[in-house]
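Structure record follows, encoded as structure tokens.
Each residue takes its place number in the sequence, starting with 1. Numbering of ligands and ligand atoms starts at 1, following listing order. As the structure is a prediction and not an experimental result, all values here were calculated from the model.
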Amino acid sequence: MTMQTLATTQTLSTIAAMRDACAEARGAFGARCRLGLVPTMGALHEGHLSLIRAAKRECDVVAVSIFVNPTQFAPGEDFERYPRPIENDSAVLEAEEVDLVFAPSAEEMYPHGVAQALVDVPDIGVRLDGQFRPGHFRAVATVVAKLFHIVGPDLAFFGQKDAAQVAVLRAMVRELDFPLQLRVCPTVRESDGLALSSRNRYLTAEQRSDALALWRSLSAVRILADARTADAAALRQAMLRVLQSSPNMHVEYADIVDPDTLLPLDNIREGALVAVAAHVGTTRLIDNIFLPPSIDGSRR
Ligand code: PAF
């Protein structure tokens, strides 16, 4: 059996051209074609590559979007300074043999300047990060819905590091009956535990070392949970102790929540998402882990 692939990486910047390229790529593989989409804001790192490689394993055609979506940044956030290493990203996507790259301008995505229709996931969208970034998840859901309509993927790949984003998008896909499946890939970390993020490049050496407190706080919770501490308040206190021992850390939240609703849990018997967000200097970082129910199925 010969494995069919598309010849080269094609980069498209208009919605019409991307739709045509997706239709053509699908045509090359026939009715059973699986098209995978990896939505990104560029500044690609190993975390993104793990999503692309997961998409390559499961899909016949892989599309990556690169769009620094202005509407999901509040005034005063890092939209202007968000890294845009376009040439490096293009080289990486070619080396990964991505089939289609969609890199539209803001004018192409929002011809009227701002979105004229919005996708809102109320409740979930105002929890965790949504509580501190008003309107952020409405903007994320809106741009991802647009990307889904433009590309028409069968599978879409996101990173677990953005756990609240995942919960919002799962609800959007379910409630609005998008005919696709979400795949959520594990967080990729540096050898010392720091979760990869395009924003890590803002950190000085000292701040990077401070930022490790996020991972240490999650690890402290894991150790306590493994030792059968199930009380979320006690676990949360342990996290805060670690975070507050780092002088340059301004904690936004350190919570133990249900991964689907993002509502706080009293205990971790049913599995839990332990999530943290903090500013180190002017850089906002997030991280999280899951605490699964005990492996043998017994309740903690
Ligand atoms: O996770 C991101 O990079 C962005 O929020 C996304 C999903 C590409 C939407 O702009």
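Every atom of ligand 1 with a heavy atom of Thr40 under 4.0 Å away is listed here by number and element: 8 (C). Close contacts between ligand 1 and Val143 involve ligand atoms 9 (C), 10 (O) [criterion: under 4.0 Å to a heavy atom]. Heavy-atom contacts of Gln72 reach the following atoms of ligand 1: 4 (C), 5 (O), 9 (C), 10 (O) (cutoff under 4.0 Å).
Contact check on Arg138 versus Asp120 returns a salt bridge, with a Lys/Arg side-chain nitrogen under 4.0 Å from an Asp/Glu carboxylate oxygen. Salt bridge Asp287/Lys161: absent, no basic N to carboxylate O contact under 4.0 Å.
Summary of contacts: the protein heavy atom closest to atom 7 (C) of ligand 1 is Gln165 NE2, 3.5 Å. Scanning the protein heavy atoms around atom 3 (O) of ligand 1, the nearest turns out to be Met41 CG, 3.6 Å.
Rounding to the nearest 0.5 angstrom, the gap separating the OG atom in Ser246 from the CG atom in Leu214 is 8.5 Å. Atom CG of Leu265 is separated from atom CZ of Arg236 by 12.5 Å, given to the nearest 0.5 angstrom.
Side-chain N or O atoms of His136 include none that pairs as donor or acceptor with a backbone N or O of Gly130 at under 3.5 Å.
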